[in-house]
Amino acid sequence: MDIFKKKLVSFIKAVIKEKKNIDISDEESEKLIKNPPDVSFGDYSLASYYLARYGFKGKPEDIAEEIFNFFEPSFADMEELFDKIEIKGAYVNFFVNKEKFASFVVRDVTDSGGDYGRGAPQKPLKVIIDFSSPNIAKPFGVGHLRSTVIGMSLSKIYEFCGHNAIKINYLGDFGTQFGKLITAFCRYGDIDFSEFEKDPVKILYGLYVRIHKDEQADATVEEEAKNRFKTLEDFISVNKRSFEEYLGGVNSVVNNINGKNIENGSGVEADSACASGNTKLSGENKNFFCGTPEGQYNLWKLFRKLSIDEFKRIYESIGIEFDAYEGEAYSAEFSKDIKEILLKSGIAEISEGAVIVNVKGVKAPALIAKSDGTSLYLSRDIVTAVSRMAKYNFDKMIYVVGSEQALHFSQLFGIFGKLKENIQKIEDNPNFKNYASIIDGRLVHVKFGRIIGMSTRKGNLVFLEDYIEEARLKAQEKLEERLKILEDNLSAEINDAAKKLNEGMEGIRATTENVEKQSLIHEGKNERTESENKQIYLTSLKVGIGAVIFNDLKTRRTTDVNFNWDNVLSFEGQTGPYLQYTVSRINSLLKRLSANEKDLKNAAQSFSFSKSDADFDDIFLIAKQIYGFKTALHSAVEQNEPSVLSSFALDLASHFNKYYQNYRLIGKAQEYVEPRFFMLSSVRTVLIRILNLLCVPVLERM
RNA sequence: GCGUUCAUAGCUCAGUUGGAUAGAGCAACAGCCUUCUAAGCUGUGGGUCGCAGGUUCGAAUCCUGCUGGACGCACCA
């Protein structure tokens, strides 16, 4: 809490104590302080109707007056921090000392450097964030992007707030669909294996599409796929440990490890390693792959490995990373144990041959296992949650999954509620009981809306890479335009200077300066050098990625977004590139202002603002905006909502751009420039921090 | 049919958890580059907060009903 608010808190406590003889906590008192909607109402306000709960009775206006009369005599005590107190209707409004406030905020940011806003809770939470989770065998489409960036951003936000975030990618690598994929591979003889190695995901997707089409006409496809999946699941389940045994083992590992406790060799990673080697894909090996359970298992593992490699490449290109890759298959091994435990304890029952759980508050029965005995993803999710509890001992687990799966998660969460209630009915499984009973209440479904109307220009699924490339091209186009204008202006300047050359020294100086500048930019249609081209490519790529990612994070998660190419490819207004541009603008300005760094270092100790300066009101507004960063972070975490930060950043950027437009700093006196230098640098610090938290690339220059 | 969820300016969205005069950005129109990056800034127009009730000092926000859309609802994930 800042010194201004602290003062108010103590005053509010005092007035309640004095008038009603009630002691309230600092937190309670702080909650009574609101931010007025307009500067003309001051900087903090106390709405009298909130005091009704402490026994203040009567018309709100009268209460406000009562409070005001209490404050006024002791105003001298506040004078150092506040300019005035005003009564307006039902509100008592407080006006801070603007000079002090602005200096306070800017100094706060300057002192904490890049860490401004970083949290350090007394008890950091261990939070698992399960996101992205693409389905293997399908290419990484734009649909996956939303989960990916929301999850990644939340992880960063939690980390920045001092919590411990564990990022898990839970791959959809199991289920009947893989039976289909294997069926496709085995049925179609015309697969080009060299093509396969080049772009495996594309080939797999081709198989996927083809088999789904054939399935419509040929009923044997589905049957074969089901059988092959059963073979796969049976093969995995043979000779395995029991879930109980597994949980016991995890437990002993966990006790020795603090912090993140990432088990790198687990699950997918380890399995995919043994998939290579003797399992070369070729025509001759086809009998092995299609004819034996072991071959089929290897084939599936190979599909999975190839897909994961591809995903990793894509993640890397947009700056996404995970602490662990897990797969559903890993849990499939234990889904039969779950089924038995739940049935034996009476939590689950058999209905129409399938295993179901009836969950409180959810009408639809939760299906745990199919009548042919194979597992469903709900049972695998139960296994996964329990395993993770054993492994990580999490305080909270967030599933970043689309809202169309809301029912699934309410069933999953409901099952853990039921498990907790009926835990004593479970026999013989102490480890399972131990972990399963404490999960209830720690699971959160962070859902998000669909992206509607997203299709390629020809009308199909959009691949993420094509999407980004489209944005990049647009960014490059824009960049080229700007360079052209720059070049044109330059040659105009040079012509101008040449004219002046006849008029004396002034012209000579101008000409030499311009020749220097010109060497940086190619004039006219000359070929650019390779490094210039590379620079242009990288810049436009970052802008493109920024535009695409920010587009997914700027609106509240839950609303469906109407996709519109023109909106995404417009880089003006409330967009990622606008923020990137703002940062690079500040960069450029600060660079020009910081010619004398030594002076600035000295000034950092003792700068201050004067309200007699023409730009002071705007400086104060910027300081206020910066100050709101901590509140924004807080509500972003509370709501698991990155868009809070997006809106905040847009506001801040807009404040800066207005200031930039209205006041010039170059050429002003050093003591005028110094405090503003730190103010602008504070804006930049916060903007860059938010861009980082939102996974939007930051550019030095644009 | 049942359930979840949404409806705010022509379009895309905010709206400090029930508070002061409902705000931005696009698009339209009118301006601003000899002066720190015009991916910027300024101004104008644009609203029955889906409709109807209710709750109270006070409702875009809460409750009920209606209309309209999206999603989900037994062996897919």
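Everything numeric in this text was worked out from a predicted model, so none of it was measured. Note that these values count all heavy atoms, side chains included, but never hydrogens, waters or copies made by symmetry. In what follows, chains carry the letters A, B, and so on, assigned in the order in which the sequence lines appear, proteins first and then strands, with residues in each chain numbered from 1.
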Notebook entry, point to check: Quick check: does any side chain N or O of A:Asn169 sit under 3.5 Å from a backbone N or O of A:Ser133, one acting as donor and the other as acceptor?
Noted result: yes
Margin query: Quick check, does A:Phe41 stack with B:A20? I mean ring centres under 5.5 Å and planes off by under 30°.
Written below: yes
Checklist line | Nearest heavy atoms of A:Asp43 and A:Pro36, plus distance in Å | finding: O-CD, 3.3 Å
Check: Does a side-chain N or O from A:Tyr44 land closer than 4.0 Å to OP1 or OP2 of B:U16, or not?
Finding: no
Check: Does B:U67 have a Watson-Crick or wobble partner in any strand here, with both distances under 3.5 angstrom, and which is it?
Finding: B:A7
Next item on the list: With the side chain of A:Arg664 defined as its heavy atoms from C-beta on, choose the nearest nucleotide among B:C13, B:C36, B:A77.
Entry: B:C36
Next item on the list: Go through the steps for A:Phe409 and A:Leu443 under the test side-chain contact (heavy atoms from CB on, under 4.5 Å), then give the verdict.
Entry: CA-CA 9 Å; A:Phe409 285 107; A:Leu443 306 181; over 6 Å; no
Note to self: Heavy atoms from C-beta onward define the side chain here; which of B:U17, B:U37, B:A20 lies closest to that of A:Lys88?
What the structure shows: B:A20
Margin query: Whether A:Arg450 contacts B:C71 is assessed here as follows: a side-chain N or O lying under 4.0 Å from the phosphate OP1 or OP2. Is that the case?
Written below: yes
Next item on the list: Determine, stepwise, if the pair A:Glu700 / A:Lys591 fulfils salt bridge (charged side-chain N to carboxylate O under 4.0 Å, His left out).
Entry: CA-CA 11 Å; A:Glu700 184 64 30; A:Lys591 211 168 176 182; 5.3 Å; no
Next item on the list: Could you check which of B:G72, B:U37, B:C73 has an atom nearest any side-chain atom of A:Ala364?
Entry: B:C73
Note to self: Can you see if the side chain of A:Ser588 gets near the phosphate of B:U37 - specifically, an N or O under 4.0 Å from OP1 or OP2?
What the structure shows: yes
Next item on the list: Look at the side-chain N and O atoms of A:Arg676 and state whether any lies under 4.0 Å from the OP1 or OP2 oxygen of B:C36.
Entry: no
Item checked: Partner nucleotide, any strand, of B:A22 [Watson-Crick/G-U, under 3.5 Å] -> none
Notebook entry, point to check: Which part of the nucleic acid, if any, lies within contact of A:Ile485, taking any heavy atom under 4.0 Å across all strands shown: a base, the sugar-phosphate backbone alone, or nothing?
Noted result: nothing
Notebook entry, point to check: Where the side chain of A:Thr555 is concerned, which of B:C76, B:G40, B:A14 is the nearest nucleotide?
Noted result: B:A14
Margin query: Tell me whether A:Glu349 at atom CD has more than 12 heavy atoms from other residues, nucleotides or ligands lying less than 6.0 Å away.
Written below: yes
Item checked: Charged tip of A:Arg585 within 45° of A:Tyr581 ring normal and under 6.0 Å -> no
Note to self: Over all strands shown, is A:Glu328 touching base, sugar-phosphate only, or nothing at heavy-atom distances under 4.0 angstrom?
What the structure shows: sugar-phosphate
Checklist line | Partner of A:Ile415 by side chain to side chain contact (heavy atoms under 4.5 Å, CB included), out of A:Ile338, A:Leu378, A:Val362, A:Asn358 | finding: A:Leu378
Checklist line | Identity of whatever pairs with B:A28 - Watson-Crick or G-U, under 3.5 angstrom | finding: B:U44
Item checked: Distance-minimising heavy-atom pair for A:Leu650 and A:Thr575 -> CD2-N, 4.0 Å
Check: Does A:Thr559 put a side-chain nitrogen or oxygen below 4.0 Å from OP1 or OP2 of B:A70?
Finding: no
Could you write out each protein N or O paired with an N or O of nucleotides 22-29 of chain B at a distance under 3.5 Å?
unit_1	atom_1	unit_2	atom_2	d
B:A24	O2'	A:Gln574	NE2	2.8
B:A24	N3	A:Gln574	NE2	3.3
B:G25	O4'	A:Gln574	NE2	3.1
B:G25	O2'	A:Gln574	N	3.2

Check: When you measure from the side chain of A:Ile356, which nucleotide among B:U17, B:A74, B:C41 comes out closest?
Finding: B:A74
Check: Can you tell me if the side-chain N/O atoms of A:Lys447 get under 4.0 Å from OP1 or OP2 in B:C6?
Finding: no
Note to self: Going by purine N1 to pyrimidine N3 plus the second Watson-Crick contact, or the G-U wobble pair, all under 3.5 Å, which nucleotide sits opposite B:U61?
What the structure shows: none
Item checked: Among B:A74, B:U21, B:G40, the one nearest A:Ser40 by side-chain distance -> B:U21
Check: Can you find a side chain N or O atom of A:Arg556 that sits less than 4.0 Å from OP1 or OP2 on B:C6?
Finding: no
